[in-house]
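Because the structure is predicted, anything quoted here is derived from the model rather than measured.
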Amino acid sequence: HQAVTSISDLIKNTGFINLDFADVTAIMKDAGYAHMGVGVAVAQDSLKVLCIGNSFTYVHDTHLKLKEIANSQGHPTSVRASYAGGMSFWRHLISDKTMKAFAKENLDVIFLQEQSMLPARYADNPKRWFFAIEDAKNLVARARAYNPSARIVLECDWSYSRDDFRGFHSYEAFDAKLQEGTALYLDAMNSTLQQMEMKPMDCISPIGKAFAVVRAERPDIVLIKTDN
């Protein structure tokens, strides 16, 4: 797997050495047996980034695209991720993979993405969905305890049409609740960090707003497949 991945990366990724399929074929065709070594190196000044999320992010390998864009702009970046379909902050709290990712190294940036509709649910009915905000507070406290100086960014998700816009009946209403709920999350999470005398979170990443702009200005772009 690593050998095939290494060869395909040489072909498809921009780098100091650029090959096409013909180059690889010329070298390897009828070459007989070979040994291949695979290694990974990270520059000492690389920005260390961790992405915490769910299928909204991992299905498109977003963390790898982030690394590719950053590196192409001259910003060496090492990006890791902890993703699984349907992951909420509560599920990340009990995930060994996520906790180990927080503790593995001193991170520079951490992106936190909640399960897609929970911030909207919380904004719509805080009493019913109170546990969601508690999970958010506990998760950011864990992240900050392991990484006292990291920038922590909360992602605001995008609306989608499934199940009558998750009961909000329109893109606009769903987006409004997502934005309201994410802002409430940020306030609560920063309040927790302040009480613990820890560095506050940085900001909200307004992904949902970007989706709304594209829907309005470029309806020819398909943002979400039919299965959402």
Contact list for residues 212-223, test salt bridge (charged side-chain N to carboxylate O under 4.0 Å, His left out), sequence neighbours left out: Asp175-Arg215, Arg218-Asp220
Pairs meeting criterion ring-ring contact (aromatic ring centres under 6.0 Å, His included) with involvement of residues 64-90, two or more places apart: His63-Tyr83
Donor-acceptor pairs under 3.5 angstrom involving side-chain atoms of residues 140-147: please list them, not counting sequence neighbours.
{"unit_1": "Arg144", "atom_1": "NE", "unit_2": "Lys199", "atom_2": "O", "d": "2.9"}
{"unit_1": "Arg144", "atom_1": "NH1", "unit_2": "Asn147", "atom_2": "O", "d": "2.9"}
{"unit_1": "Arg144", "atom_1": "NH1", "unit_2": "Ala150", "atom_2": "O", "d": "2.7"}
{"unit_1": "Arg144", "atom_1": "NH2", "unit_2": "Ala150", "atom_2": "O", "d": "3.1"}
{"unit_1": "Arg144", "atom_1": "NH2", "unit_2": "Lys199", "atom_2": "O", "d": "3.3"}
{"unit_1": "Arg144", "atom_1": "NH2", "unit_2": "Pro200", "atom_2": "O", "d": "3.2"}
{"unit_1": "Asn147", "atom_1": "OD1", "unit_2": "Leu107", "atom_2": "N", "d": "2.8"}
{"unit_1": "Asn147", "atom_1": "ND2", "unit_2": "Phe102", "atom_2": "O", "d": "3.0"}
{"unit_1": "Asn147", "atom_1": "ND2", "unit_2": "Ala143", "atom_2": "O", "d": "3.3"}

Of all pairs that satisfy side-chain hydrogen bond (donor to acceptor under 3.5 Å, both in side chains), the ones with a partner from residues 119-136, not counting sequence neighbours: Glu134-Lys137
Pairs meeting criterion salt bridge (charged side-chain N to carboxylate O under 4.0 Å, His left out) with involvement of residues 82-95, two or more places apart: none
Close side-chain approach of Leu112 and Leu139, heavy atoms under 4.5 Å: yes
Flag side-chain contact, heavy atom, 4.5 Å: Val214 against Ile221: yes
Results of side-chain contact (heavy atoms from CB on, under 4.5 Å) for Lys104 - residues two or more places apart only: Arg80
Side chain proximity check, Gln115 to Met87, heavy atoms < 4.5 angstrom: no
pair Leu184-Leu186: side-chain heavy atoms closer than 4.5 Å: no
Thr98 OG1 to Ile52 CD1 distance, which is reported to the nearest 0.5 Å: 4.5 Å
side-chain contact (heavy atoms from CB on, under 4.5 Å) involving Ser170 - partner list, sequence neighbours excluded: Glu172, Ala173
Gln194 atom CD, over 12 foreign heavy atoms within 6.0 Å: no
Atom NZ of Lys100 with >12 non-hydrogen neighbours under 6.0 angstrom: no
Pairing residues for Thr192 by the side chain to side chain donor-acceptor pair (under 3.5 Å) criterion, not counting sequence neighbours: none
Residue list, side-chain contact (heavy atoms from CB on, under 4.5 Å) with Phe130, at least two apart or on another chain: none
Residues which pass ring-ring contact (aromatic ring centres under 6.0 Å, His included) with Tyr171, listed by chain and number, not counting sequence neighbours: Phe165
By side-chain contact (heavy atoms from CB on, under 4.5 Å) - contacts of Thr62 (at least two apart): Thr57, His60
Carboxylate-amine/guanidinium contact Glu180 Lys177, below 4.0 Å: yes
Residues forming a ring-ring contact (aromatic ring centres under 6.0 Å, His included) with Phe174, sequence neighbours excluded: Tyr160, Phe168
